[in-house]
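Only heavy atoms go into these numbers, but all of them, side chains included; no hydrogens, no water, no symmetry mates.
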Amino acid sequence: MHLVPSDRADRRTIDGHRVCEAIAAIGDSVHVRAWSDRFSLLADPNRLALLIALHRTGPLAVSDLAIATGMNDPAVSQALRLLRAAGTVAGEKEGRVVRYRVVDPDVRALLAHCAADRP
């Protein structure tokens with residue numbers, strides 16, 4: 001039980017070795033928080049729909065994403081603002097048009113997994 005923090009060391013365990021394995025699996029709280037934040041972004045159906053569309057088709061403009069998802073332009077812009085601030089998407093400006101794409105490799109991997117589960 002070498003990995004159990006001192007504030008929990010006095011608690012009775014059933015499988016001490018598995019407790020240590022679980023603590024090791026959880027790892028750094030900063031890492032857990034980062035994944036929690038990613039899942040929070042993905043938990044919104046509209047943001048997830050935008051990410052799936054971008055993942056499957058490549059860069060798209062706000063108006064095209066609005067048509068594809070059934071959202072209105074301001075809602076798409078707001079969602080993209082959050083996703084951009086989180087480092088999940090990036091925009092590339094071509095003249096007056098900005099096309100967005102998924103840039104977070106971990107989110108791309110999750111989206112690929114989701115797409116693979118699709119019938």
Side-chain angles (χ1 to χ4, degrees):
M1 298 249 311
H2 65 287
L3 294 179
V4 176
S6 59
D7 64 328
R8 293 179 250 162
D10 61 334
R11 295 184 183 175
R12 183 177 159 272
T13 64
I14 306 299
D15 296 307
H17 65 288
R18 288 193 181 194
V19 171
C20 288
E21 289 174 7
I23 291 169
I26 293 167
D28 181 27
S29 63
V30 173
H31 181 72
V32 171
R33 180 57 162 185
W35 274 102
S36 175
D37 291 343
R38 278 188 185 110
F39 284 123
S40 177
L41 282 172
L42 298 173
D44 178 77
N46 288 330
R47 287 192 299 262
L48 183 56
L50 291 169
L51 289 169
I52 290 169
L54 292 172
H55 174 73
R56 300 278 265 171
T57 64
L60 286 170
V62 169
S63 57
D64 292 340
L65 283 166
I67 294 167
T69 61
M71 298 168 63
N72 61 41
D73 286 16
V76 170
S77 293
Q78 176 62 24
L80 289 171
R81 193 173 303 119
L82 288 171
L83 293 167
R84 196 173 56 245
T88 305
V89 301
E92 296 173 6
K93 192 166 188 170
E94 295 177 22
R96 292 180 17 199
V97 176
V98 179
R99 288 185 177 85
Y100 292 88
R101 62 187 174 85
V102 179
V103 294
D104 183 320
D106 293 324
V107 170
R108 260 198 315 260
L110 287 171
L111 293 168
H113 182 72
C114 292
D117 287 347
R118 230 175 126 202

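One distance of note links CG of Leu82 with CG of Asp44; it measures 9.0 Å at 0.5 Å rounding. Between Phe39 atom CZ and Leu110 atom CG the span is 5.5 Å, to the nearest 0.5 Å. Note that the OG1 atom of Thr88 and the CZ atom of Arg108 stand 11.0 Å from one another [nearest 0.5 Å].
With sequence neighbours excluded, the residues forming a side-chain hydrogen bond (donor to acceptor under 3.5 Å, both in side chains) with Arg99 are Glu94, listed by chain and number. Here Asp37 pairs with Arg33 under the salt bridge (Lys or Arg N to Asp or Glu O under 4.0 Å) rule; sequence neighbours left out.
In terms of heavy-atom proximity, Ala90 sits nearest to Val103 at CB-CG1, 3.6 Å. Across Val102 and Leu54, no two heavy atoms sit closer than the pair CG2-CB, 3.8 Å. When all heavy atoms of Ile26 and Val32 are compared, the pair lying nearest together is O-CG2, 3.3 Å.
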Chi angles and distances behind the side-chain contact (heavy atoms from CB on, under 4.5 Å) call for Leu111, Leu48: CA-CA 9 Å; Leu111 293 168; Leu48 183 56; 4.0 Å; yes
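At a threshold of 4.5 Å between side-chain heavy atoms, the hydrophobic network of Ile, Leu, Val, Met, Phe, Trp and Tyr places Val89 and Trp35 in one connected group.
Counting heavy atoms from C-beta outward, Leu60 and Leu50 have side chains that stay 4.5 Å or more apart. A heavy-atom distance below 4.5 Å is not found between the side chains of Asn46 and Val76.
Residue pairs that meet the side-chain hydrogen bond (donor to acceptor under 3.5 Å, both in side chains) test with at least one member in residues 57-74, sequence neighbours left out, do not exist here.
The 12-atom threshold is not exceeded at CZ of Arg18, counting heavy atoms of other residues, nucleotides or ligands nearer than 6.0 Å.
Partner of Arg47 under the side chain to side chain contact (heavy atoms under 4.5 Å, CB included) criterion, out of Leu83, Ile52, Leu80: Leu83 alone.
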